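Since we're looking at a predicted model, the values are computed, not measured. Just so you know, these numbers use all the heavy atoms, side chains as well, and skip hydrogens, waters and symmetry mates.
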Amino acid sequence: MSVEPIGILFLIVGVLGLMHGPVAPYALLVVATVFGAAAAFLVGAANIQPAHLMMGFVGLAVLSRRAMVTTSVRALVTPGPALWLLLLLVYGMITAYFMPRLLAGATPIIPLGSSEYDDTRSTVPLGPVSSNFTQSIYMLANLICFVAIMAAAGDRNVFRTIAKAVVALSAINALFALIDLATYWSGTQAVLDFMRNAQYTMHHEEQVAGLKRIVGAFPEASAFSRFTLGLLAFNGTLWIAGIWPRTNGLLALTSFLLVVLSTSTTGFVGLFPVAALLFTVAVARSLRPTRTVQSVLFAAMLPLIGAFAFLAVILNDTFREGVVYYVDLLVLSKADSSSGVERTAFNTIAMQNFFDSWGLGVGLGTVRTSSLPVAFLSHVGLPGTILYLLFLASAFWPRRTAPHSFHTDVRLAAIMACLALICGDTIAAPSVEQGLFFFVLAGLAAARPGSEVLLPASAAAGLAQLRLRPG
């Protein structure tokens, strides 16, 4: 095992966070999710990312409070999102071990990890692969993350802290995007090598039509744009709700521009469903007595902006040629590119695996795909897919709380962000692993803030003095 410099940095930050109090590890976990190209530890061919390292400190924060442990255990045995996610993990781990062995050679696969056959990026007979184990570990970390966030966010102070941390994460993500551009054009990209040390193929030096593909702190533009879509939905929803409007409005606009300029098909195509989600939120809010200036403005202006852009494309030949070229480059011609053909083959073979396994899946982490629905069907079959849908439904189900309160609006923002990430994953996802950021947001969406289970009275009083009124 190799300890990397960035790993030492996060170890120090994690210890200081625990010393600061039981809330800090949750905020640090949120911030750590942006380091998608970093490895805190290298264990053989496996990467332990900073966010997974911070999960250890979150676990210590949970174990330090008996009430938190009780709340977490109760969530795992009571019908609800945590239980459905636990059942998905159990079913996934069972399939990861047994299905590649029981159905060995029964269907050809494109392995997600290394297998007993040479890596030719082509099909091999079904059998165990290294990613059966790693994907099971990732899923276990996702479960722990979700339960910890959901339980901790039951405290109003922690709920607010995590919400603020996600807003700060948007600013940090935008900052890394600007640094990525600045270091590329100045020829100083080596300064970011300390956070691009994971054993992934890095695509931070690529261009499309003279534009630098923005990767930020991630290994490729697709991962960056997918992550930024989630932040755009979170900031955009909070802006519409009138919560910290100046900050969230600026960050939402910045995230939108970064996605457009990232040259990522995932981000560009994902913008349309995300815009539709935000428009639906704005219209629904505008029709209620609790409407905000931002909700009315967005509901009125988005169709006008769309109409104006359409007319500009129709009437201005130069502008039309530029837009058509960019859209064709990112979307229309993508299917005929080598990458598009390869991704189509991934999904076609994965669906064959689904049918060849009689709908049970060929095992968690076994095959490579290019779409989240296909990944679930081929990895964990219909049973696992149903458990995942039950998890989403129960996590996102409306709570009996005051309409359009701070907590209700933040929950809605977390739900919209999760849906935005799912949109990105539907376009391009190699497996069912959605990352800790998704489960942080899902935990925030599933939380029932109102209790003071985490903080002693003195700490709660101290944090209360730091509260900011929304709006």
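- Under the 4.5 Å side-chain criterion, counting only non-hydrogen atoms from C-beta, Val166 is in contact with Leu231.
- Screening residues 151-171 for ring pair (Phe, Tyr, Trp, His ring centres under 6.0 Å), with sequence neighbours left out, gives Phe159-His407.
- Contact annotation: the side chain of Val58 never approaches that of Cys145 to less than 4.5 Å [non-hydrogen atoms, C-beta and beyond].
- When the side chain to side chain contact (heavy atoms under 4.5 Å, CB included) test is applied to Leu140, the partners found at least two apart in sequence or on another chain are Leu89, Ile144.
- By the side-chain hydrogen bond (donor to acceptor under 3.5 Å, both in side chains) test, His203 is found to be paired with Glu206, residues two or more places apart in sequence or in another chain being considered.
- Evaluation of the salt bridge (charged side-chain N to carboxylate O under 4.0 Å, His left out) test over residues 192-202, restricted to residues two or more places apart or in two chains, returns Asp180-Arg196.
- In terms of the ring-ring contact (aromatic ring centres under 6.0 Å, His included) criterion, residue partners of Tyr138 (sequence neighbours excluded) are, by chain and number, His52.
- Sorted by first and then second residue, the ring pair (Phe, Tyr, Trp, His ring centres under 6.0 Å) pairs with a member in residues 217-237 read Phe218-Phe227, Phe227-Phe437; sequence neighbours excluded.
- Using a 30° and 60° split on the angle between ring planes, Phe391 and Phe438 fall in the tilted class, from 30° to 60°.
- Ring geometry, Phe279 versus Phe298: the interplanar angle falls from 30° to 60°, so the pair is classed tilted.
- Among residues two or more places apart in sequence or in another chain, the salt bridge (charged side-chain N to carboxylate O under 4.0 Å, His left out) test is passed with Arg343 by none.
- Under the salt bridge (charged side-chain N to carboxylate O under 4.0 Å, His left out) criterion, the residue pairs touching residues 425-435 are Arg226-Asp425, with sequence neighbours excluded.
- Listed by chain and number, the residues in a side-chain hydrogen bond (donor to acceptor under 3.5 Å, both in side chains) with Thr265 amount to none (sequence neighbours excluded).
- Note on residues 387-398: pairs passing side-chain hydrogen bond (donor to acceptor under 3.5 Å, both in side chains), not counting sequence neighbours, are Tyr388-Gln434.
- Considering only residues two or more places apart in sequence or on other chains, Leu9 meets the side chain to side chain contact (heavy atoms under 4.5 Å, CB included) condition with Val13.
- A search for side chain to side chain contact (heavy atoms under 4.5 Å, CB included) contacts involving Phe256 returns Leu232, Val260, Leu271, not counting sequence neighbours.
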